[in-house]
Amino acid sequence: MNATTTRGSLLAALACVLVGGSFTANSLLGDYPYAGGQFLRYGLAFLLLLPLAGPGAATRLRALGAGRWLRLALLAAVGMVGFNLAVLAAERTAEPAVPGVFVGCAPVVVAVVVPLLEGRRPQRIVLYGALFVAVGAFTVQGWGRTDGAGIAFSVCALVGEVGFAVLAVPVLRPLGPRLLSTVVCGIAAAESALAGVLADGSGWLRRPDAVEAGALLWQAVVVTVVGFVCWYMGMQRIGAERATLFSGLIPVAAACTAPLVGTGSYGAAQAVGSALVFAGVAVGSGATRPFARGRRPAAERQTAPERSLEKL
């Protein structure tokens, strides 16, 4: 791996570890209105990201066409607000491991979908790594009680996780990681407020207690501001296929942090699953094999999906 892909891998890994911690924070927000919590999280993140959007932000935004603005709205609705709603809805009739297992399959889906959108065959090494990651995620979480609704919402969560990566590809280059994170957080906050008013009326927002405020601050400042920027910076360097491999670290991080708040334990199964995830990431990202002399680095090869998806 060269310096660019190494930095991209580390950024993607850090982002997914932070997101894994957000699953633990979600367990502390069970009694808080869903839409109100999402509004506070993304609204605060938007305000914090706004000064970091970079020079020429307004010019870059004006250059976006209607199609890209629609894509940004869809990214926020599917990959952010919809993803979190699907996870919470699934956990009403299914144990948390069930949506976690489906989300753990995201690397496999992205490893197939991105090449197909580009008109090429999936890279076998990335697909093999993604399969290792999916099996590792399943081993970490196991399988729990569920019903048809739980499975259906878990599938929706998988769609949201895939959409968070794939939908961002055509807008990542013109906006950059910081401005992209800023815009989608602002849109997600507006969508959450609208959903809250329509679904819950005047009860969609209330003052959080101390525990809820701490969980929301963690999600807004650490997971969203730091995590989103790191994720898109990593994806910019190594491409959506390889970056999504690191989403296997989400259940690993969740399993490691759950004991801290008394919502889970870390045992032999979690250790074995973590090892499988690490192996899959190492294989799929190319960390286990040096680049052949004279070949272009992965970061350059990964720009092809961006060029093709940009036309969609």
Side-chain angles (χ1 to χ4, degrees), residues 4 7-8 11-12 14-15 18-19 22 35-84 114 117 160 162-198 205 216-240 243 299-300 302-312:
T4 299
R7 285 195 296 269
L11 287 166
L14 174 60
L18 295 178
V19 172
S22 76
Q38 297 300 297
F39 169 76
L40 292 176
R41 170 188 178 177
Y42 292 125
L44 177 58
F46 170 75
L47 294 176
L48 293 173
L49 283 165
L50 200 56
L52 307 176
T59 302
R60 284 181 284 166
L61 290 176
R62 284 195 296 268
L64 295 177
R68 286 181 174 173
W69 277 107
L70 179 61
R71 182 178 290 270
L72 289 169
L74 191 61
L75 169 59
V78 173
M80 297 165 66
V81 180
F83 169 78
N84 293 318
V114 169
L117 289 174
V162 172
F164 187 67
V166 174
L167 289 171
V169 173
V171 290
L172 178 55
R173 178 176 294 182
L175 294 183
R178 289 179 297 173
L179 182 55
L180 173 58
S181 299
T182 303
V183 172
V184 294
C185 282
I187 295 174
E191 292 174 344
S192 298
L194 179 60
V197 171
L198 293 177
L205 187 65
L216 287 169
L217 281 172
W218 168 267
Q219 289 190 332
V221 179
V222 179
V223 179
T224 306
V225 174
V226 178
F228 279 25
V229 173
C230 287
W231 170 254
Y232 286 129
M233 287 177 67
M235 200 172 86
Q236 190 178 50
R237 286 166 170 79
I238 63 176
E300 295 179 14
Q302 289 298 316
T303 59
E306 296 181 5
R307 288 194 298 269
S308 62
L309 287 173
E310 187 112 17
K311 300 175 182 178
L312 297 181

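FYI, the numbering just counts along the sequence from 1. Bear in mind the structure is a predicted one, so any value in this text is a computation, not a measurement.
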For [X] and [Y], which heavy atoms make the closest approach, and how far apart are they?
X    : Y    : answer
A188 : M80  : CB-CE, 3.6 Å
S192 : Y42  : OG-CD1, 4.4 Å
A35  : A195 : CB-C, 4.4 Å

Considering only heavy atoms from C-beta outward, does the side chain of [X] approach that of [Y] to under 4.5 Å?
X    : Y    : result
I187 : L75  : no
L180 : L72  : yes
L61  : L175 : yes

Side chain to side chain contact (heavy atoms under 4.5 Å, CB included) partners of [X], counting only residues at least two apart:
X    : answer
L70  : none
A165 : W231, M235, T244
L11  : C230, M233, R237
A193 : F39, W204

Show the numbers, then the answer: is there a side chain to side chain contact (heavy atoms under 4.5 Å, CB included) between V184 and V171? CA-CA 11 Å; V184 294; V171 290; over 6 Å; no

For T224, enumerate each residue passing the side-chain hydrogen bond (donor to acceptor under 3.5 Å, both in side chains) test, keeping only those at least two apart in sequence or located in another chain. R41

Can you give me every donor-acceptor pair (side chain of residues 44-58, partner residue at least two apart or in another chain, under 3.5 Å) with its distance?
none

Value rounded to 0.5 Å, distance of [atom1] in [X] from [atom2] in [Y]:
X   : Y    : atom1 : atom2 : value
N84 : Q219 : CG    : CD    : 7.0 Å
Q38 : L216 : CD    : CG    : 8.5 Å
L18 : W218 : CG    : CH2   : 6.0 Å

Is a side-chain donor or acceptor of E191 paired with a backbone partner of A77 at a separation under 3.5 angstrom? yes

Could you please spell out the steps behind the side chain to side chain contact (heavy atoms under 4.5 Å, CB included) verdict for V169 and L172? CA-CA 5 Å; V169 173; L172 178 55; 5.9 Å; no

Could you go step by step and tell me if Y232 and L179 meet the side chain to side chain contact (heavy atoms under 4.5 Å, CB included) rule? CA-CA 10 Å; Y232 286 129; L179 182 55; over 6 Å; no

